[in-house]
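This report refers to the structure that appears directly beneath it.
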Amino acid sequence: MDKEKNWRPHITIDLYNCSNRDQFIEMIDEIIEKIKSFEIEFNNLNNFEEETLYIEPFNKTELYEIKTIFDSQLNKCRLEKRLKRTYKPHVTLCTNDDLTKAKLVLEDKFKPFIGKISYLWIYNPKVELIKEYYLD
């Protein structure tokens, strides 16, 4: 069980304060025009401070490039507490105070794979989908 929210596995670009939702979506629309779908190799399991279990991508270049685009276009909307945070691309599987069970289940079954990043979703703080984008 995830201790935070009922997240699906995901890659977070960042968190934003968007007081004007329509304006924020317009800015995202402009960004998405510059992004195409891409493949990425996921090669191992890892964790942050034994609280967040994730799959680590091998080739992170595209994710760093997308993050750079988002940062430049949405800098004024970024949450203050996130500005100094180092971006580490990863696919969050779950967060929990004790990852022992999750690690046991996955360590024997996980095998590196190639995935395709084809969608970008925008959620509100209640984890309700605001907009879905398909990347050509």
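Values in this document were obtained by computation on a predicted structure and should not be read as measured data. Heavy atoms only: backbone and side chains are in, while hydrogens, waters and symmetry mates are out.
Atom CG of residue Leu74 and atom SG of residue Cys18 lie 9.5 Å apart, to the nearest 0.5 angstrom. Of the inter-residue distances, the one linking Ile28 atom CD1 with Leu120 atom CG reads 7.0 Å to the nearest 0.5 angstrom. Distance CD1/Ile35 to CD/Glu62: 11.5 Å, rounded to 0.5 Å. Atom CG of Asn46 sits about 9.0 Å away from atom NZ of Lys103, to the nearest 0.5 Å.
Between Phe24 and Ile122, the closest side-chain pair of non-hydrogen atoms falls below 4.5 Å. Looking at heavy atoms from C-beta onward, Phe58 lies out of side-chain contact with Asn44 at the 4.5 angstrom threshold. The shortest side-chain heavy-atom distance between Thr12 and Tyr123 does not fall under the 4.5 Å cut-off. By the 4.5 Å heavy-atom criterion applied to side chains, Ile66 and Phe38 are counted as neighbours. For the pair Asp71/Tyr87, no side-chain contact is recorded, criterion being any heavy-atom separation below 4.5 Å from C-beta on.
Annotation: ring pair (Phe, Tyr, Trp, His ring centres under 6.0 Å) contacts of Tyr54 (sequence neighbours excluded): Phe48, His90. Under the rule for a ring pair (Phe, Tyr, Trp, His ring centres under 6.0 Å), the partners of Phe113 that lie at least two apart in sequence or sit in another chain are Phe42. For Lys81, the side-chain contact (heavy atoms from CB on, under 4.5 Å) partners are Leu79, not counting sequence neighbours. Residues satisfying the side-chain contact (heavy atoms from CB on, under 4.5 Å) criterion with Leu106, sequence neighbours excluded, are Leu45, Leu53, Leu93. Glu132 pairs by the side chain to side chain donor-acceptor pair (under 3.5 Å) definition with Trp121, not counting sequence neighbours.
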side-chain contact (heavy atoms from CB on, under 4.5 Å) between Cys77 and Met27: does it pass, once the steps are laid out? CA-CA 10 Å; Cys77 300; Met27 291 188 299; 3.5 Å; yes
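Counted within 6.0 Å of CD on Glu80, heavy atoms from surrounding residues, nucleotides or ligands total 12 or fewer; the atom is thus considered open.
Linking Ile, Leu, Val, Met, Phe, Trp and Tyr whenever their side-chain heavy atoms come within less than 4.5 Å leaves Tyr133 and Leu15 in two separate clusters. Val105 is not connected to Ile55 by any chain of hydrophobic side-chain contacts under 4.5 Å among Ile, Leu, Val, Met, Phe, Trp and Tyr, and they are in different clusters. Each of Leu135 and Ile114 belongs to its own hydrophobic cluster when Ile, Leu, Val, Met, Phe, Trp and Tyr are linked at side-chain heavy-atom distances under 4.5 angstrom.
A donor-acceptor pair under 3.5 Å links the side-chain atoms of Ser37 to the main chain of Asp136, judged by distance alone. Panel note: side chain Asn47, backbone Glu50; a donor-acceptor pair is recorded below 3.5 Å.
The salt bridge (charged side-chain N to carboxylate O under 4.0 Å, His left out) pairs that include a residue from residues 13-42 are Asp14-Lys67, Asp14-Arg78, Asp14-Arg82, Asp29-Lys131, where partners are two or more places apart or lie in different chains.
The minimum heavy-atom distance linking Cys94 with Leu99 is given by the pair SG-CD2, 4.0 Å. Taking each heavy atom of Ile40 and Pro57 in turn, the nearest pair found is CD1-CB, 3.6 Å.
Between the side chains of Thr100 and Asp98, at least one donor N or O sits under 3.5 Å from an acceptor N or O.
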